[in-house]
Amino acid sequence: GAVVSQHPSWVICKSGTSVKIECRSLDFQATTMFWYRQFPKQSLMLMATSNEGSKATYEQGVEKDKFLINHASLTLSTLTVTSAHPEDSSFYICSARTGGKSEAFFGQGTRLTVV
Amino acid sequence: RKEVEQDPGPFNVPEGATVAFNCTYSNSASQSFFWYRQDCRKEPKLLMSVYSSGNEDGRFTAQLNRASQYISLLIRDSKLSDSATYLCVVNNFNKFYFGSGTKLNVKP
């Protein structure tokens, strides 16, 4: 299957700082990338969808100024959590799909802890 | 109303048992459907796509009922390694929505 690499796999940051998470498709061109958040024992919640070269579409209730998404190339998307607070602590996962396939492939996830 | 609903379980079954999960979705215009598997603290991995005609991959059988808007996954001859959370996923207009997952515990 297609490989999606997410970095870092875990990060601890101080409250008020910003954290950038990278998501790369290694062996295919990702026309669409998705960012999810998963709290313990809950399902993955879609935060936003981004298509290469255009602005991300955010789900209702997700602050676009807090969660900055950039999808500048067909192999890289970044999520920046700005002014992080402890309640932002969660498991963030990206996924990517190419136009030729209907399924999406996931990165390994990033466990963010804000202290 | 949630896009995708699943029974969270857990389903506790002995090795060798047959177990079935169902999932319902709310948007009748949904285009494609999948089952993903997620192990504890790991990312989801695609288990199989679900087609209207039903499809089988080894011990796993998936079915889609568009009229009733539900998807099923059947696991035969359960193995210990099947223990995981199974996520029902629905694609609506290029957005993937996940169910909360059904936890399966296969015991010796």
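Just so it is clear: chains get the letters A, B, ... in the order the sequence lines come, proteins before strands, and each one is counted from 1.
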Side chain from CB out, backbone as N, CA, C, O: work out which of these in [X] comes under 4.5 Å of a heavy atom of chain B, or both, or neither.
{"X": "A/Ser95", "answer": "neither"}
{"X": "A/Leu44", "answer": "both"}
{"X": "A/Gln6", "answer": "neither"}

Find out if a path of hydrophobic residues (ILVMFWY) with successive side-chain heavy-atom gaps under 4.5 Å connects [X] to [Y].
{"X": "B/Val19", "Y": "B/Leu73", "answer": "yes"}
{"X": "B/Leu46", "Y": "A/Phe34", "answer": "yes"}
{"X": "A/Val19", "Y": "A/Tyr92", "answer": "yes"}
{"X": "B/Val90", "Y": "B/Tyr86", "answer": "yes"}

When the 4.5 angstrom heavy-atom criterion is applied to B/Phe96 and chain A, the contacting part is both

When the 4.5 angstrom heavy-atom criterion is applied to B/Gln6 and chain A, the contacting part is neither

Residues B/Gly99 and A/Ser43: closest non-hydrogen pair is O-CB, 3.2 Å

Heavy-atom nearest pair, B/Lys42 first then A/Phe91, reads O-CE2, 4.0 Å

Begin with the C-alpha distance, continue with both residues' side-chain angles, and end with the deciding distance and a verdict on ring pair (Phe, Tyr, Trp, His ring centres under 6.0 Å) for A/Phe106 and B/Tyr36. CA-CA 10 Å; A/Phe106 285 81; B/Tyr36 280 74; 5.3 Å; yes

If you tally heavy-atom pairs under 4.5 Å between each of B/Glu43, B/Gln31, B/Lys95 and chain A, the highest tally belongs to B/Glu43

One option among B/Pro44, B/Gly101, B/Cys40 has the most heavy-atom pairs under 4.5 Å with chain A, and it is B/Pro44

Would you indicate whether A/Lys66, at its atom NZ, is surrounded by more than 12 heavy atoms from other residues, nucleotides or ligands within a distance under 6.0 Å? yes

Is atom NE2 of A/His7 surrounded by more than 12 heavy atoms (other residues, nucleotides or ligands) closer than 6.0 Å? no

Could you tell me whether the side chain of B/Tyr97 reaches within less than 4.5 Å of the side chain of A/Glu59, counting heavy atoms only? yes

Minimum side-chain heavy-atom gap A/Gln38-B/Phe98 below 4.5 Å: no

